Amino acid sequence: MNATVESERTIGHADRRWLFQGIGLTAVIIVLAILFIAINPRFGTLANLINILTQASFIIVIAVGMTFVITSAGIDLSVGSAVAFITVVAFGLIKGGLNPFLGVVFMFALGAFIGCLIGGFVAYVKIPPFIATLGFMAGLRGLALVHSAGEMHFGLPVSLTYIGQGDIAGIPVPVIISFAAAAFGAWLFNRTRFGLYVKAIGGNREAARLAGVPVNRIEVMVYVLMGMFTALGGLIMMTRIDSTQATIGTAMEIHVISAVIIGGTSLFGGRGTIYGTVMGALLLSMMNNALIIAGVDFFWQLVVMGCIVLIAVAISNLREQRIPLLAHFLRRAPKGAAANNPADGPSH
Amino acid sequence: MKSDTRTDARPARVLVVERLSKSFGGLKAVDDVSLEVFEGEILALVGDNGAGKSTLVKAIAGAQPPDSGQILIDGVARQLNTPRDASVAGIGCLHQGLGLVDTLNVPENVFLGRELTTKLMNCIPQLDQTKMRERTIELLSGFGISLPRLNDPVVGLSGGQRQTVAISRLLLQDVRLIIMDEPMAALGVEEGRRVLDLVRTMSQRGISVIVITHNLEHVFQLADRIAVMKNGRLVGLVNAQATTRYDVVRLITLGKSDQGN
């Protein structure tokens, strides 16, 4: 018998589609940057570039965690509230005399604990992630307000403010932390069993279960990871401005989820890209920065961001062929054996 | 009701099902069924809807433990309470949905649940993607198959290619027996033929296959023996070469053949 299926080009090239997408987004960023510099040269200064990176740093950190969550076909709306709760409690303890190092450890532990609770509700109580984290969004914000309503915490020890304000060879520490977090996240996502299982659960939970993937345990771990990245993001935020309050991080989930979606991670779960997420966060940060320089009102910045998100998801849906008519124009020509593929979209 | 085709030249018995029964409420879905499958044999399991075929194979695949009866694999009685138990015992099941994760690529699907790992800097475990890819190509080429675009999500593959990936998954596990539920359904003629070829190749290599199908043409093209079920009972177990389509249809619909049973 000879059941050879089509082409011999079986090996030796990377996953071109994702590469293509990453390059596409990077190209958009570069083109926009050139445009902004042309409009206002102040945009292109090194100081402003570093400013953009610094402003993006905590979004990048939390968005890396969110990439895991969304790829597992989940969502976490509670990150902003979690940042508020974790930072006000930790700030209070550190101001109350807790060793700063232990304070940081406490933040991560609290973030992991919150993630564990969310993951437990999602995986074992079977509450849809949207609803479960909506509950946590309200609940954690409430707890933060109970803890310190109307209070403004400030005055951290220098050992901690270094995290948010220090620099190494001119590069701000938050930027270094965010890129380290992204590199770690990318490794975890692409090169480990955990990352594979996250994608498997998001792509087809039942198939993953039948293949022996401990789906519930992995799902809890995803939210624990999210909680720890949230804690790290909160740590950067509070040490950068050396203060926190119960209303910090309001509407932050919008920025974070937007960065992930713009980056190309599928809202339907199953696939994602950390590189795209970082680029998405940088794009948003750059847009905000440009709008500030242009003197555009903060409220309009929100409108612009909303439009970017809608356009990004629309493009992603077209590419994933959920809109068949236009997909024809956007899809790259199928080659070889792909010719006999049915043209309908992914089956989930 | 005894097997009427047994000869002494038969190879080893891979699977023996002894007096298996399973009820749902008052309904006897599988009623005292005994059956054996030999090494490298292709056994077609046919019967009308609700005849008990699926319940029977679910018991063998560990997806639905029986109420009574025994399952022996390679002569050893096994308690198959989960799909994992069956998999460990050497029984693989090809579900209708194939159990693939659409968003993962070919090697990831083939190795999901039993990944190969390597150590990063000799201490941190991580996936050995190179080796998984090489092993996948090796597995596929062993069956004369090469898939283009191994690194793309399997959602882009055709039905037959997806079958191939799902079967590779099972081959990787060193299965003794593969259960296939309507493997040719929803495939084009050409793709269906390829899957038939693949099943024959597996059988030549000593892997036993139980195929559930409604397509009698495929049954006669493929099967060594045909087991017919009706109302939960095994009403016939015939040698494919020694019977006719007419007889099999009579067994399916009436529960008896012309020769009487």
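Lettering of chains follows the sequences in order, A, B, ..., and the numbering in each one begins at 1. The structure presented is a predicted model; accordingly, all values stated were derived computationally and were not measured.
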Side chains of A/Tyr197 and A/Glu219: do they bring a donor and an acceptor to under 3.5 Å? no
Using the six-membered ring wherever Trp is involved, compare the ring planes of A/Phe229 and A/Phe68 and label them parallel, tilted or perpendicular (cut-offs 30° and 60°). parallel
Cut-off 4.5 Å, heavy atoms of chain A, and the answer for B/Leu104 is side chain
Counting heavy-atom pairs under 4.5 angstrom with chain B, the leader among A/Ala211, A/Gly195, A/Gly212 is A/Ala211
Segment of B/Leu140 engaging chain A (4.5 angstrom heavy-atom cut-off): neither
Need one label for B/Arg200: side chain, backbone, both or neither, based on atoms under 4.5 Å from any heavy atom in chain A. neither
Between A/Asn216 and A/Arg209, is any side-chain donor less than 3.5 angstrom from a side-chain acceptor? no
Of A/Thr67, A/Asn190, A/Thr26, which meets side-chain hydrogen bond (donor to acceptor under 3.5 Å, both in side chains) against A/Tyr275? A/Thr26
Verify whether one side chain among A/Thr71 and A/Thr265 offers a donor that lies under 3.5 Å from an acceptor in the other. no
By a 4.5 Å heavy-atom criterion (distance strictly below it), what part of B/Gln129 contacts chain A: side chain, backbone, both, or neither? side chain
